[in-house]
Amino acid sequence: VQLQACGGGLVQAGGSLRLSCAASGDIFSINVMGWYRQAPGKERELVADITSGSRTNYAEFVKGRFTISRDNAKNTVYLQMNSLKPEDTAVYYCVAEAASKGTWWAMNDYWGQGTLVTVSS
């Protein structure tokens with residue numbers, strides 16, 4: 001299972017970006033998909049995640065500004081980021097809890113390569 005994230009870039013404070021992450025490969029099923037971020041000198045932290053049934057979970061620092069969604073048919077998760085702040089600057093990673101067809105009974109976490117979001121003040 002491979003994850004490919006895209007959509008990062010440079011934006012001014014108050015602006016918006018939309019990240020997307022598509023899972024591909026020998027997929028049997030995907031449970032939770034989500035986004036984490038890691039700022040320079042800081043630990044990786046959860047931003048938001050979403051179950052296959054579209055139940056969502058957000059970190060407090062993005063509530064009301066970010067929206068996570070997914071398209072199960074496309075094995076893709078999205079993160080709409082509005083009202084961006086300089087402190088949102090980080091590398092954003094997507095993650096999927098998935099099982100491959102060869103080991104359909106085993107759920108594992110698969111990570112994308114990360115996409116850089118830079119918010120200027």
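For clarity, every value in this text was computed on a predicted model and none was experimentally measured.
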Does V32 sit in a hydrophobic cluster with other residues, and if so which ones, taking ILVMFWY side chains as linked at heavy-atom separations under 4.5 Å, directly or through other members? none

List, by chain and then residue number, the residues other than F66 in its hydrophobic cluster (Ile/Leu/Val/Met/Phe/Trp/Tyr, side-chain heavy atoms under 4.5 Å); write none if there are no others. V1, L3, V11, L17, L19, I27, I30, M33, W35, V47, I50, Y58, F61, V62, I68, V77, L79, M81, L84, Y92, Y110, V117, V119

How many angstroms lie between atom OG of S121 and atom CD of Q12, to the nearest 0.5 angstrom? 9.5 Å

Could you state the interatomic distance from CZ (R18) to OG1 (T67), rounded to the nearest 0.5 Å? 10.5 Å

Which disulfide (SG to SG under 2.5 Å) pairs, counting each pair once, include a residue from residues 42-80, with sequence neighbours left out? none

Could you note down all residue pairs passing disulfide (SG to SG under 2.5 Å) where residues 70-121 supplies at least one of them, sequence neighbours left out? C21-C94

What pair of heavy atoms forms the shortest contact from G25 to Q2, and how long is it? CA-OE1, 3.8 Å

Closest non-hydrogen atom pair between S120 and L10, with its separation: CB-CD1, 4.4 Å

Partners passing side-chain hydrogen bond (donor to acceptor under 3.5 Å, both in side chains) against N72 (at least two apart in sequence or in another chain): R70

side-chain hydrogen bond (donor to acceptor under 3.5 Å, both in side chains) partners of T118, counting only residues at least two apart: none

Using a 3.5 Å distance criterion without hydrogens, assess whether the side chain of T76 forms a donor-acceptor pair with backbone atoms of K74. yes

Those residues at least two apart in sequence (or on a different chain) that pass side chain to side chain contact (heavy atoms under 4.5 Å, CB included) with Q113 are Q4, A5

Using side chain to side chain contact (heavy atoms under 4.5 Å, CB included) as the criterion, list what pairs up with S69, not counting sequence neighbours. Y78

Would you please name every residue forming a ring pair (Phe, Tyr, Trp, His ring centres under 6.0 Å) with Y36, sequence neighbours left out? W111

Going by the salt bridge (charged side-chain N to carboxylate O under 4.0 Å, His left out) test, which pairs reach into residues 60-69, not counting sequence neighbours? E60-K63, R65-D88

Do any pairs count as a salt bridge (charged side-chain N to carboxylate O under 4.0 Å, His left out) and have a residue in residues 43-59, sequence neighbours left out, and if so which ones? R37-E45

Let me have the donor-acceptor pairs involving side chains of residues 95-106, under 3.5 Å, with sequence neighbours excluded, atom names and distances please.
unit_1, atom_1, unit_2, atom_2, d
E97, OE1, N31, ND2, 2.7
S100, OG, T103, OG1, 3.0

